[in-house]
Amino acid sequence: MNTNVFGSKTLNTIHRLHQEGIKKISVIMRHSERYYDLDNPVREPFMNLTETGKDLSFKFGEQLPGGMVVRVFSSFIGRCIETAYLIDKGYTSTGGKTRSNTVELLLSPFYAKNPAQILKMFLESGSSHFIRAWLDGDYSSEVIDHPKDSAQKMIGFARTALAEPLEAHIDILITHDWNLYLVKEVFLGLRHEDAGKIEYLEGVILYAQGSDVNIINHQAGPCILERQ
């Protein structure tokens, strides 16, 4: 598989785990390639997938391991819903079984308490500086939730879904780059200054193995979360 294609690193990790006999996998993953309107940032929530992004999403679904039930969850933002829908259609095109998308608040920017103030600070300071200040806990919880609390909530949702009584399933949880910056730093120790920007279709993967739930990314892990 071409490791330069968006989603390929995530797929490689999923396939490796599947080949090792892992039957319960949960992938917290950024949406596919999207449009931007840098001159009009208030349109940010309405920027959907590019045609390439749509194609990549469908192909991602096509290339998931066979013989599993794929369940998709997404943020309520349109580009995440598009990504989830097309992954579902890609998997069903191969004869795979899926469960239709469930929109989940904890995959959205749920931590944003004052979006207007956040946008102002983001534009003034720049992306990298804003994210670092947030992850360091420099902002008031009246503006944006504490990063560790937010990361714990997302992981808690993924773990609950992972533990549901299905024999073999892959949960695909489509979210945003900020959500993944949180999870990668809090649970894998991957600072964005070192690990780089979150790619489209990049994922952090939880999986059940024996009595443990582990977390892994193509850049780090596996690490054991709290033992069951």
Side-chain angles (χ1 to χ4, degrees), residues 6-7 9-10 13 26-50 53 73-81 83 104-158 172-206 215-221 223 225:
F6 292 130
K9 296 170 186 174
T10 305
T13 306
S26 181
V27 188
I28 305 173
M29 188 169 76
R30 189 187 180 192
H31 55 73
S32 193
E33 184 183 273
R34 50 159 290 188
Y35 287 109
Y36 286 89
D37 187 349
L38 299 179
D39 295 326
N40 193 3
V42 297
R43 294 189 62 203
E44 170 64 19
F46 308 103
M47 295 289 98
N48 292 334
L49 298 185
T50 65
F73 304 80
S74 78
S75 162
F76 56 73
I77 301 296
R79 53 186 172 268
C80 293
I81 294 173
T83 302
E104 171 54 47
L105 177 63
L106 291 175
L107 298 175
S108 73
F110 67 93
Y111 38 74
K113 300 303 183 185
N114 188 333
Q117 181 64 20
I118 291 170
L119 178 60
K120 181 176 182 291
M121 293 189 301
F122 176 80
L123 293 175
E124 288 175 350
S125 63
S127 176
S128 183
H129 183 273
F130 177 86
I131 291 169
R132 172 48 47 215
W134 177 34
L135 290 170
D136 286 347
D138 292 346
Y139 296 134
S140 167
S141 60
E142 294 181 0
V143 175
I144 190 166
D145 278 342
H146 191 278
K148 288 186 179 179
D149 292 342
S150 298
Q152 289 281 3
K153 288 176 182 178
M154 279 187 288
I155 288 294
F157 170 72
I172 306 291
L173 285 60
I174 306 299
T175 189
H176 306 272
D177 54 351
W178 285 17
N179 298 56
L180 280 168
Y181 285 126
L182 281 176
V183 172
K184 285 179 71 173
E185 181 158 332
V186 172
F187 289 97
L188 289 169
L190 291 170
R191 292 166 55 92
H192 73 275
E193 294 91 343
D194 304 319
K197 293 182 179 180
I198 303 292
E199 295 180 349
Y200 298 119
L201 301 177
E202 178 181 335
V204 168
I205 300 171
L206 280 67
I215 184 168
I216 191 171
N217 174 265
H218 68 276
Q219 295 170 305
C223 299
L225 296 174

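Remember, it's a predicted structure, so these values are computed and weren't measured experimentally.
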Evaluate the side-chain proximity of Thr175 to Val183: yes if any heavy-atom separation is below 4.5 Å, no if none is.
-> no
Around atom NE2 of His129, are there more than 12 heavy atoms of other residues, nucleotides or ligands at under 6.0 Å?
-> no
Non-hydrogen atoms of His146 and Lys148 that approach each other most closely = ND1-N, 3.2 Å
In sequence, state the C-alpha distance, the side-chain angles, and the governing distance for Lys153 and Asp145, and then conclude on side chain to side chain contact (heavy atoms under 4.5 Å, CB included).
-> CA-CA 11 Å; Lys153 288 176 182 178; Asp145 278 342; 4.3 Å; yes
Separation between CG of Leu180 and CD of Glu199, rounded to the nearest 0.5 Å = 11.5 Å
With sequence neighbours left out, write down each residue that passes ring-ring contact (aromatic ring centres under 6.0 Å, His included) with Tyr139, or none if nothing qualifies.
-> Phe130
Taking the side chain from Asn217 and the backbone from Gln219, do they hold a donor-acceptor pair closer than 3.5 Å?
-> yes
Do Glu142 and Asn114 have side chains that get closer than 4.5 Å, going by heavy atoms?
-> no
For Lys120, enumerate each residue passing the side chain to side chain donor-acceptor pair (under 3.5 Å) test, keeping only those at least two apart in sequence or located in another chain.
-> Glu124
Does the gap between the ring centers of Tyr111 and Trp134 come in under 6.0 Å?
-> yes
Separation between OG of Ser150 and CD of Gln152, rounded to the nearest 0.5 Å = 10.0 Å
Do the side chain of Thr10 and the main chain of Gly203 share a donor and acceptor less than 3.5 angstrom apart?
-> yes
Glu44 side chain reached by Leu119 side chain, heavy atoms, under 4.5 Å | no
Taking the side chain as every heavy atom from C-beta outward, state whether Ile155 and Phe187 have any pair of such atoms under 4.5 Å apart.
-> yes
Could you tell me which non-hydrogen atom of Ser32 sits nearest to which non-hydrogen atom of Gly53, and how far apart they are?
-> OG-O, 2.8 Å
Would you call the rings of Tyr200 and Phe6 parallel, tilted or perpendicular, where under 30° means parallel and over 60° means perpendicular?
-> perpendicular
What is the distance from atom CD1 of Ile131 to atom CZ of Phe122, rounded to the nearest 0.5 Å?
-> 6.5 Å
Might you point out which heavy atoms bring Cys223 and Leu188 nearest each other, and give the distance in Å?
-> SG-CD2, 3.9 Å
Side-chain donor/acceptor of Asn179 to backbone N/O of Ser108, under 3.5 Å = yes
Mind checking whether Lys9 and Glu202 have side chains closer than 4.5 Å, heavy atoms only?
-> no
Evaluate the ring planes of His31 and His176, with Trp represented by its six-membered ring, and classify them as parallel (under 30°), tilted (30 to 60°) or perpendicular (over 60°).
-> perpendicular
Spatial distance of atom OG (Ser74) from atom CZ (Arg79) [nearest 0.5 Å] | 11.5 Å
From Leu105, Ile28, Leu173, residue fulfilling side-chain contact (heavy atoms from CB on, under 4.5 Å) relative to Phe157 = Leu173
Sub-4.5 Å side-chain heavy-atom contact between Glu185 and Leu190 | no
Euclidean distance, Ile77 CD1 relative to Leu107 CG, rounded to 0.5 Å | 11.5 Å
Check whether any side-chain heavy atom of Lys197 sits under 4.5 Å from a side-chain heavy atom of Asp177, and report yes or no.
-> no
In Å, rounded to the nearest 0.5 Å, how long is the span from CZ of Arg191 to OH of Tyr181?
-> 13.0 Å
Taking C-beta and beyond as the side chain, do Ser141 and Lys113 meet within less than 4.5 Å on heavy atoms?
-> no
